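Counting begins at 1 with the first residue of the sequence. Since this is a predicted model, take the numbers as computed values, not measurements. Values below: all heavy atoms of this structure, side chains included; hydrogens, waters and symmetry mates excluded.
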Amino acid sequence: MVSGYLPDLVSSGDLIAELTAGAPGVGANTGVWPGLTIYRFTGPVGPTWEEIQSLSLCIVAQGRKTVTIDGKTYTYDPFHYLVLRSHLHFQAEILEASIGRPFLSFVLQIDPSLVRQVSSDMLERRTTAFRSRGAEAEPVQHACVSALDQELLGVVLRFLRAVRTGADRRVLAPLYLQEMVYRVLQREQYARLLTLAAAESASNPVSAVLEYVREHLSEPLTVADMAELVSLSPSAFAHLFRDVTGRSPYQFLKEMRLDRARELLVDGNFTVARISKEVGYTSVSHFISEFRGRFGVTPRAYYDAHVLHKELDTQRGEEATTRARIG
């Protein structure tokens, strides 16, 4: 995970400033990052009926909002965030907003496979505990609210700042997205978020295929292979896959391979040639070409940039500690 967070330099005012910059218009502002919507309202709104299609993380920087699902109301504000499961129809109401202090929030859609991926990298003790108790005993909830702490606030800010520039957007934003999921899983939402992700996978054949693909990236996979996993014809599966993801199965598979390659590069344990094989490429030159096409740099340059960023983060942390001691 990305490190180097400086708790004494982060405040709710920083998040307000970032969301203000990302929300020039009143209402919903999109286009900053796939699946990210930033909201700004200058007065109370609702109750209104809304709908979401994906597992979502909802954070408020200023103001207060409620979401009501099947008669149960969830309130979130600058001190609490909300997680919503996919395919929900609910009633929402913005309770606090004014021209001087507008309501500012964002909703970020999260791929359930990313939740499971991050969870698998965490302590085996917690994963085993969840599987033996939480996954089977805890009922699936539509939503859950938890405290927004400084560590999660810090990575949210880093993510929002990273998506504004090309190099940071390509290299750092995906890492911060992964850390956001990690921070949420560390808290009391661990079993709950995994339950939501598992429920979505069970109800969505595309999610089930993506989970399988993630575990078999080194193997040759065709559209027919993926369709057979969920008992669909190749044409029906390809159509459903595009409806859900907005991409063809081939394009999405390529992106998954390259995203996994990026993770292996950050780990620093494998050569470029080994990584290309691990993610299903038989030609190293083809792998390097497609990696450059997706991320704008070669695998080696990507690794060097990540190492440099970690060194800068460490240096800033040491400088902040020194200033705190002197002060």
Is it the case that the ring center of [Y] lies less than 6.0 angstrom away from the ring center of [X]?
X    : Y    : value
Y176 : F159 : no
F291 : Y302 : yes
F252 : F241 : yes

Please tell me if the side chains of [X] and [Y] come closer than 4.5 Å, counting only heavy atoms from C-beta onward.
X    : Y    : value
L160 : L36  : yes
F103 : V60  : yes
L104 : F41  : no
Y303 : V272 : no
H80  : S146 : no
D168 : R161 : no
M226 : V213 : yes
L264 : E278 : yes

Please say yes or no: joined through hydrophobic side-chain contacts below 4.5 Å, possibly via intermediate residues, are [X] and [Y] part of one cluster?
X    : Y    : result
Y250 : L229 : no
V26  : V107 : yes
V284 : F270 : yes

What distance do [X] atom [atom1] and [Y] atom [atom2] have between them, rounded to the nearest 0.5 Å?
X    : Y    : atom1 : atom2 : value
L217 : Y212 : CG    : OH    : 11.0 Å
L84  : F90  : CG    : CZ    : 5.5 Å
C58  : F106 : SG    : CZ    : 8.5 Å
L88  : R85  : CG    : CZ    : 6.5 Å
L108 : L55  : CG    : CG    : 10.0 Å
L95  : T75  : CG    : OG1   : 6.5 Å

Using modelled atom types and a 3.5 Å cut-off, is there a donor and acceptor pairing between side-chain atoms of [X] and backbone atoms of [Y]?
X    : Y    : result
T20  : I16  : yes
R40  : A23  : yes
Q62  : P102 : yes
R169 : V163 : yes

For the residue pair T73 / T68, report whether a side-chain donor-acceptor contact shorter than 3.5 Å exists.
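Judged by distance alone, the side chains do pair up.
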
**Report entry** Passing option when Y281 is tested against K254, H286, E290, R257 for side-chain hydrogen bond (donor to acceptor under 3.5 Å, both in side chains)
**Finding:**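 Exactly one option meets the side-chain hydrogen bond (donor to acceptor under 3.5 Å, both in side chains) with Y281, and it is E290.
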
Could you tell me whether [X] and [Y] make a salt bridge, using a distance below 4.0 angstrom between a side-chain N and a carboxylate O?
X    : Y    : answer
D304 : R300 : yes
R164 : E18  : yes
R158 : E179 : yes
E93  : K65  : no

Can you give me the closest heavy-atom contact between [X] and [Y], atom names plus distance?
X    : Y    : value
A261 : V279 : N-CG1, 3.7 Å
A238 : P249 : CA-CG, 4.1 Å
P44  : A97  : CD-O, 3.4 Å
G22  : N29  : O-CB, 3.7 Å
Y74  : C144 : CE2-N, 4.4 Å
P299 : F287 : CG-CE2, 3.8 Å

| query | Should V32 and T37 be marked as a side-chain contact (heavy atoms from CB on, under 4.5 Å) after you check the CA-CA gap, both sets of side-chain angles, and the distance that decides it? | reply | CA-CA 8 Å; V32 178; T37 304; over 6 Å; no

Take R262 and D259 through the side-chain contact (heavy atoms from CB on, under 4.5 Å) test and state the conclusion after the steps. CA-CA 5 Å; R262 179 184 56 201; D259 287 344; 3.5 Å; yes

Which residue pairs pass the salt bridge (Lys or Arg N to Asp or Glu O under 4.0 Å) test with at least one member in residues 219-241, sequence neighbours excluded?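 Checked against salt bridge (Lys or Arg N to Asp or Glu O under 4.0 Å) - neighbours excluded - no pair reaches residues 219-241.
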
